[in-house]
Q: 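Got a structure for you, questions after.
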Amino acid sequence: MSDIRLYNTLSRSLEPFEPTEPGRVRMYVCGMTVYDYCHIGHARAMMSFDVVYRWLLEKGWDVTYVRNHTDVDDKIIARATELGEDPLALSQRFIEYLDTDLARLGLRQPDVEPRVSTHIPQIIAMVQALVDRGHAYATGDVADGQDVWFAVESYADYGALSGKKLGDLRAGERVAVDDRKRHPGDFALWKGAKPGEVSWDSPWGKGRPGWHIECSVMSTEHLGHSFDIHGGGIDLIFPHHENEIAQSECASDHHPFARYWMHNGHLTLVDDDGSPIKMSKSLGNAIRIRDLLDEVPADALRIVYLESHYRSPLPFSRARLMDAVGSAERIYLAREVLETIAAHEPAGPAHQVAADLGGDAQELYDRVQAFPAAFAAAMNEDFNTSNALSELFELTRAVNRFGNHKKWWKRSSALARDALRCFDLSGRVLGIGGQDSEQFFNTLTDTLLKKGGLTRDVVEELIDAREAARGAKDWGRADELRDELDNLGVVVMDGAEGTRWRMRSA
RNA sequence: GGCGACGUACCCAAGUGGUUCAAGGGGCGGGAUUGCAAAUCCUGUAUUCACCGGUUCGAAUCCGGUCGUCGCCUCCA
């Protein structure tokens, strides 16, 4: 009995999640059409399902996660023609960029990342099955390459996922209806090749797959006929996922195609004052994930994504991103305290330490004890990362409260180690707070120094000079130097063990 | 025209019938701490959940209507 509840687009309600086989989950997510760089919107979709994957793994389940690359498509062909590049070489190039970017963002690699171009025989077989079963028909001459269409009227449940009725669709409103089709809603399973296009031999002559068939074929190929979770962006509900269902259910006698359908909401770009900005390639303002990762740590970007629920629309702004950098710093500052304390030799078990010290120590202990269950409760409820994150923030505050009692540090190792395990849990599931703080701050500092055109040496020289002035109690000179550092974006922190510094992130 | 989502404080945002349910983060005000700062902690910031009706002992949460924003209706994460 699973304790996860998830929102199933099919029923438009929260449902208890019960995999077909207990402890075994098969999930398929529609990936990207690879003809350009991955932007922040794509990344939201990948991120949403990355967290689903991670949480299922955290539960100890055996998960097979399949996310495809669409490497044969009209837009790829168009782009390749434009660049004078082979379409498959072009898509290969962008797949490599995508892998790099997603790895930097801290996404786990799916178990299988199938491509259309390597599944052509299986696609042909499914199209043939649909023709044989009377759900598809070919038009044109084999010599020129026939088109094969799916006949939507042959599938009684067409529209069940999207809630659309065939008669209600405004055929021809946006895209001219192809008069070779029997019904305006019919869609291409196989497209006859135009001269010069990438194509494969088939019973219908030279051609290539239509858009939707690939996901039906690749999910079935790698997960079997009826699998547990199918995900993708909300925009894919219709027609893509609707068509996938129609094809898959008609091509075999296995039902249902996928049992739970999950869709992530869209990210929209907004100005710092909240007014929407249209993000489109034609405006050239699609924000690439790799550009952002040159500026901010992955944890910060993950905070932006995960502080709202995956199904909600997400207004993205620079201001919000910068806020998230601050949040990430706060989390890692607390983690740093814990790491420092944990480095001491344990002086008794955590519960003993807490009982002896009482107050903020006991409160931290209690929160640490409660953390895994609270975190799990949030994640189990339709992957409520926002609530899971708020648990992490509350833990962070408890750590800081505790950390303010410096005299406790030496004997609290066991307690700190337990607390660190909570941060590690968050790191495993959300990808937030799980790194060593030193690694986090080094990366952040390097990034910001580079952005400000500075080096550590320059900063440290000024810091040393200020330290000398402070040692001489020359407060005027010390403050002067601090202002100078401040102008460079360097924030100084005077502590009992000396002065530390960090780069101001916003 | 059809289908669907959303509207919670200055901003982001969780919460979808009742035990502090108005979380959490940011901002802003006050305080502790600090040589002064930064960071951190404490504290104040929505008697109220777009608006109007209704159901109910009880609603931000359910129903109806109004206004507003957005998505889809064969390119889309």
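Below, read A as the first sequence line, B as the second, and so on, with proteins coming before strands; counting in each chain starts at 1.
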Q: Counting side-chain heavy atoms from CB outward, which of B:rC3, B:rA77, B:rG35 is closest to A:Asp494?
A: B:rG35
Q: Cationic tip of A:Arg311 within the cone over A:Tyr7's six-membered ring, i.e. under 6.0 Å and within 45° of the normal?
A: yes
Q: Indicate whether OP1 or OP2 belonging to B:rA14 is found under 4.0 Å from a side-chain N or O atom of A:Ser312.
A: yes
Q: Considering every strand shown, what is the Watson-Crick or G-U wobble mate of B:rU56 when both distances are under 3.5 Å?
A: none
Q: Write down the distance separating the C1' atoms in B:rA14 and B:rG26, rounded off to the nearest Å.
A: 15 Å
Q: Which nucleotide, if any, forms a Watson-Crick or G-U wobble pair with B:rG7, using both distances under 3.5 Å?
A: B:rC67
Q: Name all residues meeting the ring pair (Phe, Tyr, Trp, His ring centres under 6.0 Å) criterion together with A:His266; count only those two or more places apart in sequence or in a different chain, and write none if there are none.
A: none
Q: Closer than 4.0 Å, any side-chain N/O of A:Arg502 to the OP1 or OP2 of B:rA38?
A: no
Q: Ring pair (Phe, Tyr, Trp, His ring centres under 6.0 Å) with A:Trp408: which residues, sequence neighbours excluded?
A: A:Phe402, A:His405
Q: When you check the phosphate oxygens OP1 and OP2 of B:rG25, does a side-chain N or O of A:Arg397 lie under 4.0 Å from one of them?
A: yes
Q: Suppose we define a pair by two distances each less than 3.5 Å, Watson-Crick or G-U wobble; what does B:rG29 pair with here?
A: B:rU43
Q: NA contact type, A:Leu333, heavy-atom cut-off 4.0 Å: base, sugar-phosphate, or nothing?
A: sugar-phosphate
Q: Applying the 5.5 Å / 30° rule, does A:Phe393 stack onto the base of B:rG25?
A: no
Q: Just to be sure I understand the rule, does A:Glu391 reach a base, reach only the sugar-phosphate, or reach nothing, if contact means heavy atoms closer than 4.0 Å?
A: nothing
Q: Parallel, tilted or perpendicular, judged at 30° and 60°: which one describes the rings of A:Phe383 and A:Tyr310?
A: perpendicular
Q: Taking atom types as they are modelled, is there a donor-acceptor pair under 3.5 Å from the base of B:rG35 to the side chain of A:Arg482?
A: no
Q: Could you say whether A:Gly476 or A:Phe187 is positioned toward the 5' end of RNA chain B, judged by the nucleotide with the nearest heavy atom to each?
A: A:Gly476
Q: Hey, does the side chain of A:Arg320 come within less than 4.0 Å of B:rC11's phosphate (OP1/OP2), counting only N and O?
A: no
Q: P atom, B:rU33 versus B:rU20: distance in rounded Å?
A: 35 Å
Q: Using the closest heavy atom to pick a nucleotide of RNA chain B for each, name whichever of A:Met46 or A:Glu381 lands nearer the 5' end.
A: A:Glu381
Q: Tell me whether the OP1 or OP2 atom of B:rG15 has a side-chain N or O from A:Asn387 closer than 4.0 Å.
A: no
Q: Taking OP1 and OP2 of B:rC36, is either one under 4.0 Å from a side-chain nitrogen or oxygen of A:Arg470?
A: no
Q: Given B:rC41, is OP1 or OP2 found less than 4.0 Å from the side-chain N or O atoms of A:Asn400?
A: yes
